[in-house]
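Presented below is the structure to which this report refers.
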Amino acid sequence: MTVLSLVVPCYNEQEALYPFMQELSRVLAGLSDVQPEVILVNDGSADKTLQVMRELSAQYECVRYISFSRNFGKESAMLAGFAAAKGDYVAVMDADLQDPPALLPEMLRVVREEGYDCAGTRRTTRKGEPPIRSFFARMFYRFINMISRTQLVDGARDYKLLSRKAVDALLSMPEYNRFSKGLYEWIGFRTKWLEFENVERVAGETKWSFWKLFKYSLEGIVAFTTVPLALASLMGMLCIVVSLLVIVLLCVRHVIWNNPVHGWDSLVCIIVFLSGLQLFCAGIIGQYLSKMYLEIKRRPHYIIAEQSE
Ligand code: UDP
Ligand code: MG
């Protein structure tokens with residue numbers, strides 16, 4: 001019998017987990033030829049999420065849980081779930097019912113029968129999201145797709161169903177900075193995108209502040225392209241060319257018109273501009289360096305404090 005694993009990262013989802021499991025088991029009951037395995041990953045929640053997980057694993061036979069020693073982030077939670085999943089097919093979904101379980105049968109059909117290795121989902125709308133956030137999200141996708149060879153799909157959710165091959169490919173990437181939206185694209189394979197309209201959370205609230213999203217997008221850029229580094233040297237070269245031209249111009253002016261150089265304020269502007277540019281470029285290098293530092297330390301992605309048998 002085909003085993004379908006479902007990985008569910010949870011961070012402070014005590015209210016959402018019960019309705020989630022109810023809806024999920026309703027959908028799973030319709031998949032008669034599939035043996036489900038639900039892996040709930042508690043990402044260091046501060047509320048009663050772990051307790052709810054223990055209850056659920058006692059109540060449902062197919063539910064297992066893994067609990068981290070602290071909050072390691074969704075990426076780590078997904079990784080832990082993938083590592084624990086035994087299924088022939090593995091799906092990841094949020095615990096807040098924003099990823100409708102009703103899509104699962106179709107996703108499974110696509111991967112099983114149509115020869116795809118990945119069934120992805122994307123939101124066609126960003127309804128219920130602050131407009132400024134949608135705007136920056138769109139800008140981010142446009143920017144990263146311009147400078148990176150790994151193309152990201154705007155509106156793509158983390159809600160995915162993967163074949164065993166694709167999961168093993170993901171697990172074979174040991175990197176510490178896991179920007180999974182990029183990793184999914186990087187491994188290749190054929191992905192079919194299913195579309196759905198944005199649904200708002202059933203309970204609790206989003207864990208993503210604007211600032212967290214901003215940092216996450218920087219991580220994505222650093223992890224998937226080195227173009228900013230090249231950009232830094234390009235800007236340096238441009239500055240050299242411009243300043244050479246200006247030097248020549250000043251010399252000529254001095255020789256022909258005997259016009260002395262004046263204006264200390266313009267000089268200050270130039271100095272401030274150039275030191276700003278230098279610091280900016282040093283910052284870009286620093287970003288890559290800091291990520292390398294974290295990679296080199298080779299710390300584990302997560303630490304498990306407790307798990308069901
Ligand atoms: N999540 C997690 N660790 C975190 C933050 C979020 O495991 O540090 C989980 C969260 O419980 C949810 C999923 O990741 O199941 C998506 O989070 P959220 O709904 O807050 O994001 P949004 O849907 O607003 O993008
Ligand atoms: Mg959500």
Side-chain angles (χ1 to χ4, degrees), residues 6-24 38-53 56 63 65-85 90-101 103-104 120-138 140-141 152-160 176-181 184 196-217 219-220 301-307:
L6 291 149
V7 173
V8 189
C10 307
Y11 177 51
N12 294 345
E13 303 282 8
Q14 58 178 11
E15 289 103 13
L17 270 177
Y18 270 111
F20 169 76
M21 268 316 291
Q22 238 164 28
E23 171 71 8
L24 183 65
V38 180
I39 303 169
L40 304 173
V41 186
N42 173 30
D43 185 11
S45 304
D47 63 0
K48 298 205 179 75
T49 301
L50 177 58
Q51 207 173 318
V52 175
M53 284 182 180
L56 284 171
V63 172
Y65 67 86
I66 298 171
S67 181
F68 288 175
S69 59
R70 64 168 172 87
N71 180 251
F72 281 90
K74 186 182 177 186
E75 302 290 348
S76 302
M78 289 196 289
L79 182 66
F82 280 140
V90 182
V92 205
M93 60 201 305
D94 288 5
D96 56 9
L97 285 177
Q98 272 190 309
D99 299 334
L103 280 175
L104 274 175
T121 57
R122 57 183 293 257
R123 295 183 292 181
T124 47
T125 56
R126 286 179 173 271
K127 191 172 56 118
E129 206 185 56
I132 182 114
R133 191 158 141 182
S134 308
F135 171 75
F136 276 102
R138 252 193 298 272
F140 165 71
Y141 281 107
L152 302 185
V153 177
D154 186 5
R157 302 267 317 162
D158 284 339
Y159 184 23
K160 286 200 161 63
Y176 187 77
N177 296 293
R178 296 188 83 80
F179 182 72
S180 63
K181 283 182 196 308
Y184 288 128
F196 69 99
E197 288 207 359
N198 195 27
V199 192
E200 292 188 35
R201 294 183 143 255
V202 271
E205 54 193 48
T206 177
K207 276 87 204 174
W208 292 95
S209 62
F210 187 80
W211 179 236
K212 257 179 132 178
L213 276 175
F214 180 70
K215 276 198 342 206
Y216 186 61
S217 62
E219 239 160 65
H301 293 88
Y302 50 83
I303 290 169
I304 295 177
E306 179 187 330
Q307 58 186 325

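Order of appearance sets the numbers: ligands from 1, and atoms from 1 within every ligand.
Remark: the backbone N or O of H301 is paired with a side-chain donor or acceptor of S76 at under 3.5 angstrom. In this structure, the side chain of N12 engages the main chain of A46 through a donor-acceptor pair within 3.5 Å. At distances below 3.5 Å, not a single donor-acceptor pair connects side-chain atoms of D94 with backbone N or O atoms of D99. A donor-acceptor pair under 3.5 Å links the side-chain atoms of T49 to the main chain of E13, judged by distance alone.
Nearest protein neighbour of atom 8 (O) of ligand 1, counting heavy atoms only, is N71 ND2, 3.2 Å. Considering only non-hydrogen protein atoms, atom 9 (C) of ligand 1 sits nearest to P9 O, 3.6 Å. The single protein non-hydrogen atom nearest to atom 11 (O) of ligand 1 is E13 OE2, 2.5 Å, given as residue, atom name and distance. Of the protein's heavy atoms, Y11 CB, 3.7 Å lies nearest to atom 1 (N) of ligand 1. When hydrogens are left out, the protein atom nearest atom 17 (O) of ligand 1 is W208 NE1, 4.0 Å; that is the closest non-hydrogen contact. Summary of contacts: the protein heavy atom closest to atom 16 (C) of ligand 1 is D94 OD2, 3.1 Å. T206 OG1, 2.7 Å is the protein heavy atom nearest to atom 24 (O) of ligand 1. The protein non-hydrogen atom at the shortest distance from atom 20 (O) of ligand 1 is K207 N, 2.7 Å.
Counting heavy atoms from C-beta outward, D47 and V52 have side chains that stay 4.5 Å or more apart. Looking only at side-chain heavy atoms (C-beta outward), L56 and Y18 come within less than 4.5 Å of each other. Counting heavy atoms from C-beta on, the side chains of W208 and R133 come closer than 4.5 Å. Looking only at side-chain heavy atoms (C-beta outward), V92 and F82 come within less than 4.5 Å of each other.
Under a 4.0 Å criterion applied to the non-hydrogen atoms of C10, ligand 1 contributes the atoms 7 (O), 11 (O). Listed by number with element, the atoms of ligand 1 under 4.0 Å from a non-hydrogen atom of D96 are 19 (O), 23 (O).
Listed here is the closest heavy atom pair of I66 and A80: CD1-O, 4.0 Å. Of all non-hydrogen atoms in L103 and F196, the two that sit nearest each other are CD1-CD2, 3.7 Å. Nearest heavy-atom pair, Y11 versus D43, reported as atom, atom and distance to 0.1 Å: CD1-O, 3.2 Å. Between G120 and K160, the shortest heavy-atom distance links the atoms CA-CG, 4.1 Å. Listed here is the closest heavy atom pair of S45 and C10: OG-O, 3.6 Å.
In the candidate list M78, R123, R157, K74, K74 is nearest to atom 14 (O) of ligand 1, counting heavy atoms.
Within the 4.0 Å heavy-atom criterion, neither part of D158 lies near ligand 1. When non-hydrogen atoms are compared, ligand 1 lies under 4.0 Å from the side chain of D43 (C-beta onward) but not from its backbone.
Side chain to side chain, E75 and S180 meet the donor-acceptor criterion of an N or O pair below 3.5 Å.
For a distance threshold of 2.8 Å, the protein N, O or S atoms nearer than that to the Mg ion (ligand 2), listed by chain and number, are D96 OD2, Q98 OE1.
Between K212 and ligand 1, no pair of N/O atoms sits closer than 3.5 Å. Inclusion of A77 in the set of residues having an N or O under 3.5 Å from an N or O of ligand 1 is not warranted. Among the atoms of Q98, some N or O lies under 3.5 angstrom from an N or O of ligand 1.
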